[in-house]
Amino acid sequence: MISQLRQIRQQFIQKTAKQPEGGWAIKQYNDPKAHYRSFRMVMDTLRLSQEDVYCEIGCGGGVLLKMAMEKAGSGAALDHSRDMVSLSIENNRDAVDSNRLEILQGNAEALPWPSRRFTACACANMFFFVEHPNAALAEIFRVLAPGGRFSMVTAGQSFLTRITMGWLYGLNTYPDAAMSTMMKKAGFSNIRVKTERTGLTQVCYGRK
């Protein structure tokens with residue numbers, strides 16, 4: 001019985017959050033109301049312009065991506081869910097059809113792009129599912145051009161997060177100091193990491 005409940009829980013996490021698929025997930029990630037605040041944080045931090053070549057890791061339904069591509073000159077994005085890639089393409093059809101944007105299915109720990117391609121990279125509400133965070137950060141650093149910047153919003157490490165979302169979804173969260181150390185190890189400088197007073201949201205920034 002316990003093993004069956006564990007399996008049901010893992011399937012729930014996989015299909016609704018970690019690798020969303022199916023009609024419910026498509027509807028939710030087409031208009032992810034709970035994520036818009038995080039998206040605004042990323043946009044405020046990066047301050048994209050037409051000179052930027054933007055990269056988004058874990059693009060979900062492509063809502064933040066669309067916001068970014070209204071500012072950036074060109075870009076690319078990746079998600080490991082086939083349904084989310086399809087949805088993101090539909091939500092960014094103009095940019096895709098004009099060859100300003102490519103959206104691929106793949107893994108954050110092995111990005112499919114050449115080194116130093118992008119001037120700005122972002123990820124929002126996905127880093128807590130990354131199994132090997134140091135590898136993912138190293139890959140993001142690799143694809144950034146010199147002087148490029150990286151913005152990330154993820155779940156903060158708090159008691160509330162650990163007993164609710166941490167247990168339900170198995171989120172990987174990190175103290176600010178640990179996140180700063182991981183970003184420094186990956187090569188970033190000018191690092192800023194701050195968890196909000198509620199402890200629910202951690203905002204990270206760094207430059208190559």
Side-chain angles (χ1 to χ4, degrees), residues 17-19 35-49 51-60 64-65 67-68 71-72 75-80 104 106-162 165-166 169-208:
K18 191 172 185 179
Q19 194 169 359
H35 293 176
Y36 280 102
R37 186 166 178 268
S38 297
F39 296 166
R40 289 194 295 271
M41 289 177 176
V42 169
M43 294 295 294
D44 288 346
T45 303
L46 288 180
R47 298 184 179 276
L48 298 167
S49 71
E51 287 70 42
D52 278 309
V53 183
Y54 174 75
C55 174
E56 186 173 329
I57 314 301
C59 60
L64 172 58
L65 184 58
M67 295 167 63
K71 302 289 186 179
L78 175 143
D79 200 282
H80 69 166
L104 305 175
N107 190 326
E109 299 170 16
L111 299 180
W113 301 296
S115 299
R116 302 184 175 188
R117 176 173 174 182
F118 304 103
T119 63
C121 286
C123 62
N125 308 306
M126 57 73 66
F127 194 74
F128 37 68
F129 285 128
V130 174
E131 295 182 7
H132 303 99
N134 288 312
L137 288 172
E139 276 292 273
I140 292 168
F141 184 83
R142 178 185 65 80
V143 299
L144 272 175
R149 58 224 190 267
F150 169 55
S151 178
M152 175 170 67
V153 178
T154 186
Q157 189 175 72
S158 68
F159 177 73
L160 181 60
T161 303
R162 290 197 296 270
M165 301 301 288
Y169 284 102
L171 304 186
N172 299 314
T173 60
Y174 310 94
D176 289 357
M179 181 66 79
S180 295
T181 297
M182 287 193 295
M183 292 183 67
K184 184 176 181 180
K185 183 177 180 181
F188 290 99
S189 61
N190 301 109
I191 297 166
R192 301 195 303 269
V193 178
K194 183 178 181 180
T195 296
E196 294 186 332
R197 288 184 179 181
T198 60
L200 298 178
T201 303
Q202 186 181 62
V203 185
C204 312
Y205 174 83
R207 295 188 73 98
K208 181 169 181 177

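Predicted model, so just to flag it, every value in this text is computed and none were measured. Heavy atoms only: backbone and side chains are in, while hydrogens, waters and symmetry mates are out.
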(message) Run L64 and Y36 through side-chain contact (heavy atoms from CB on, under 4.5 Å) and show every step you take.
(response) CA-CA 8 Å; L64 172 58; Y36 280 102; over 6 Å; no
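- With sequence neighbours excluded, the residues forming a side-chain contact (heavy atoms from CB on, under 4.5 Å) with D176 are V193, T195, Q202, listed by chain and number.
- Residues forming a salt bridge (charged side-chain N to carboxylate O under 4.0 Å, His left out) with R37 (at least two apart in sequence, or on another chain): E196.
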(message) side-chain contact (heavy atoms from CB on, under 4.5 Å), that's the test. Do I140 and F118 meet it? Break it down for me.
(response) CA-CA 9 Å; I140 292 168; F118 304 103; over 6 Å; no
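- Every residue was checked against the ring pair (Phe, Tyr, Trp, His ring centres under 6.0 Å) condition with F128, not counting sequence neighbours, and none meets it.
- Scanning all heavy atoms of the two residues, the minimum distance from A108 to I57 falls at CB-CG2, 3.5 Å.
- In this structure, E109 contributes its side chain and A135 its backbone to no donor-acceptor pair below 3.5 Å.
- Using a 4.5 Å cut-off on side-chain heavy atoms (C-beta onward), F141 and C121 make no contact.
- Using a 4.5 Å cut-off on side-chain heavy atoms (C-beta onward), P112 and L78 make contact.
- In this structure, the side chains of T201 and M41 come closer than 4.5 Å at one or more pairs of heavy atoms.
- Remark: K184 engages I191 in a side-chain contact (heavy atoms from CB on, under 4.5 Å) (not counting sequence neighbours).
- Sequence neighbours left out, the pairs with a member in residues 147-158 that pass salt bridge (Lys or Arg N to Asp or Glu O under 4.0 Å) are D52-R149.
- Geometrically, K208 does not engage F188 in a cation-pi contact defined by less than 6.0 Å to the ring centre and at most 45° from the axis.
- Residues forming a side-chain contact (heavy atoms from CB on, under 4.5 Å) with E139 (at least two apart in sequence, or on another chain): L111, R142.
- Using a 4.5 Å heavy-atom cutoff, the side chains of M152 and M179 are in contact.
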